[in-house]
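Reviewing the structure listed below.
In this text the structure is predicted, and so the values were computed from the model without any measurement. By convention in this document, chain letters (A, B, ...) are assigned in the order of the sequence lines, proteins followed by strands, and residues within each chain are numbered from 1.
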Amino acid sequence: MTAGLDVGTPQAQSITRDEDVVRVRQLVRTVAVAIKLSLVDQTKLVTAASELARNTLVYGGGGDVLVSVVDNGRRRGVRIVFADQGPGIADLDLALTDGYTTGGGLGLGLSGARRLVDEFDIVTAAGEGTRITVTKWSR
Amino acid sequence: MDRVPVLKIGDTLLVSIQVDMEDQTALQLQDDLAERIVATGCHGVIIDITALDIVDSFVGRTLSSIAAISKVLDADTVVVGMRPAVAITLVELGLSLQGIRTALNVERGMELLARGRGDGLPLPFDSDEDELTATP
Amino acid sequence: MALSADESARLANLLGQYGDQIVKRWTDNVSSSLAGRLSTAELSRQIQELHTSLRAALDQRAVGLFDEVAVELRAVLSELSRARARQGFTATETAISVFALKDALLEHIDVSGAGPEVMRDYVAFTGLIDEMGLLTFETYANAREELVADQAEQLLELSTPVVKIWEGVVAVPLVGTLDSARAQVVMERLLQTLVDTGSPYAIIDITGVPAVDTQVAQHVLKTVVAARLMGADCIISGIRPQIAQTIVSLGIEFGDIVTKASLADALRHALRLQGIETARRTGRREA
């Protein structure tokens with residue numbers, strides 16, 4: 001599902017505070033611009049990153065983000081990994097449902113972010129943290 | 001933490017968001033606006049987001065809250081200047097900005113507020129087959 | 001490597017000694033194959049240029065087409081085949097422009113009564129000419145591919161004009177089949193035009209769209225919702241009877257989106273909304 005080799009050095013950003021979410025957005029935008037994603041695709045990816053970074057902070061109690069450029073031979077893309085050591089997600093299907101929230105938000109973070117990217121992969125279990133990998137390919 | 005300035009122009013408060021806001025900044029703006037509406041007695045709020053290159057669910061929710069709070073304080077809110085890429089992304093995200101009125105730019109937003117505070121007659125929306133008449 | 005250094009020298013010699021005759025014969029051969037679709041003056045100039053650059057390369061003892069000293073020759077060949085591709089000549093016609101040199105050369109080499117070394121020379125010369133022909137083929141194919149890609153892009157531009165048809169009203173007449181990629185281009189361009197012109201009304205006319213499937217309908221609906229988020233209203237016009245049936249049978253919900261029979265009706269509607277607004281100064285209420 002997540003084929004393609006890493007190109008260049010991945011860039012890391014830890015998320016421990018509110019302002020780190022802004023830093024993640026800026027980092028993702030810089031990389032998206034560098035590989036010439038279209039304006040709409042940049043906007044979609046940065047928005048998805050913002051949702052997921054906030055989730056990492058609010059639900060995961062903080063964590064790390066890794067942004068890298070990937071190449072599958074035909075196209076280039078941006079891959080972002082969000083990892084936390086938080087409580088994990090017990091019922092994944094429920095968490096991916098539009099409008100479901102435990103944090104008082106709109107419940108669009110996870111499900112919405114999934115619609116904004118090309119590939120979305122999530123590994124989680126109760127008590128074992130959460131690791132979400134998303135990829136957006138250039139057209 | 002940056003603070004978003006709130007300007008008063010006549011009967012309207014104008015907020016032009018120029019920075020990539022932290023969540024706290026957005027919440028602070030919500031508080032500031034509520035205070036300023038009460039303090040100034042303004043009946044209109046225009047939030048210009050021309051400079052925002054993304055609106056995520058948190059900012060979207062804050063905008064909805066501002067609109068709702070303003071309504072309670074007898075002020076109308078119009079969000080203006082949303083970029084096409086942002087609008088497309090919001091649609092995909094599934095965020096509908098419930099209860100928020102929008103306009104293309106500040107000028108149109110001002111018009112919308114002015115009309116809203118006007119005689120308040122409901123518009124007869126019978127639409128269909130009327131002849132095109134020259135309107136004075 | 002097509003030639004040895006000696007062969008290269010002998011071919012250069014041949015091209016120099018009989019230069020004018022070879023160019024004339026070469027030009028005549030090509031001219032007859034192109035059947036007058038290229039002016040004699042232009043053709044002569046091209047062949048002369050080829051001859052000159054080939055000779056220049058051989059004078060520097062080029063032993064093959066991809067020799068360093070043959071860079072000018074390759075450029076001339078590429079330019080020739082690019083021009084041919086854009087002018088609509090076939091690949092064969094383009095390659096003949098090079099291969100015709102063989103016949104022209106043959107007139108000045110006595111093959112029948114000659115010894116094996118003359119034969120070897122001729123084979124070596126034709127080997128070089130074959131390389132040249134192959135290069136024109138390859139450049140020709142590339143040029144055609146570029147041409148197709150350019151045209152596809154132009155078609156996309158052509159097929160999605162967004163025009164301001166009145167103060168405050170822009171329209172996009174959609175023509176032809178809408179695929180996802182095109183629908184996305186239309187969506188982005190329409191929304192950008194709303195911003196650029198400050199127009200609060202957009203008319204999406206689908207008179208020229210032969211069929212609508214769920215995906216296309218979704219794209220149109222998303223455009224309408226996005227426009228609303230930006231503070232503009234969309235009107236959809238020109239829905240044909242069978243498309244209306246499709247929309248209903250697919251269960252696509254158009255909700256409160258305004259639809260009109262024709263572009264004219266849609267424009268009238270948009271003008272009325274604007275006219276009433278400015279005349280009566282009452283608000284258009286939004287949920």
Side-chain angles (χ1 to χ4, degrees), chain A residues 13 15-30 32-33 37-59 62 82 96-101 103-118 120 134 136 139, chain B residues 1-5 16-32 47-69 77 79-100 102 104:
Chain A
Q13 169 72 51
I15 304 180
T16 53
R17 285 174 303 174
D18 214 22
E19 63 201 66
D20 293 335
V21 177
V22 178
R23 291 214 182 88
V24 169
R25 286 204 287 262
Q26 285 162 352
L27 175 60
V28 171
R29 175 166 296 277
T30 310
V33 169
L37 283 189
S38 75
L39 182 60
V40 171
D41 284 341
Q42 284 173 31
T43 308
K44 286 181 177 175
L45 182 65
V46 176
T47 307
S50 183
E51 300 293 343
L52 296 173
R54 185 177 295 106
N55 279 358
T56 301
L57 182 65
V58 175
Y59 300 104
F82 300 82
L96 282 168
T97 307
D98 266 358
Y100 174 79
T101 179
L106 294 172
L108 288 172
L110 218 48
S111 55
R114 182 160 69 162
R115 280 193 294 272
L116 294 177
V117 296
D118 296 322
F120 183 96
V134 299
K136 187 99 186 157
R139 305 266 157 247
Chain B
M1 189 184 75
D2 297 305
R3 212 169 170 132
V4 181
S16 183
I17 303 175
Q18 296 290 341
V19 293
D20 191 347
M21 290 189 296
E22 284 174 32
D23 292 358
Q24 280 306 318
T25 314
L27 292 175
Q28 183 68 49
L29 173 64
Q30 183 178 317
D31 290 352
D32 287 352
I47 303 176
D48 182 12
I49 59 168
T50 310
L52 283 192
D53 46 26
I54 72 150
V55 168
D56 62 12
S57 66
F58 189 86
V59 172
R61 181 157 57 115
T62 309
L63 290 175
S64 287
S65 300
I66 289 175
I69 292 166
T77 305
V79 172
V80 306
M82 186 185 293
R83 297 184 185 182
V86 172
I88 291 170
T89 301
L90 283 181
V91 172
E92 212 66 51
L93 190 62
L95 204 62
S96 56
L97 296 187
Q98 218 63 50
I100 294 182
T102 53
L104 288 171

Task: Heavy-atom side-chain proximity of Met82(B) to Leu97(B) below 4.5 angstrom - done: yes
- [ ] Quick one: which of Arg114(A), Gln26(A), Glu19(A), Arg25(A) has the most heavy-atom pairs under 4.5 Å with chain B, could you say?
- [x] Arg25(A)
TODO: Check whether Val46(A) gets within reach of chain B through its side chain, its backbone, both or neither, counting any heavy atom under 4.5 Å.
DONE: both
Task: Option passing side-chain contact (heavy atoms from CB on, under 4.5 Å) with Leu90(B) (candidates Ile54(B), Val59(B), Leu95(B), Asp56(B)) - done: Leu95(B)
- [ ] Locate the shortest heavy-atom distance separating Ala67(B) from Gly99(B); write the atom from each residue and the value.
- [x] CB-O, 3.9 Å
Task: Beyond-backbone contact of Leu52(A) with Val134(A), side-chain heavy atoms, under 4.5 angstrom - done: yes
Task: Among Asp53(B), Val55(B), Ile88(B), residue most engaged with chain A (heavy-atom pairs, under 4.5 Å) - done: Asp53(B)
Task: Proximity breakdown for Arg54(A) and chain B, heavy-atom pairs closer than 4.5 Å - done: side chain
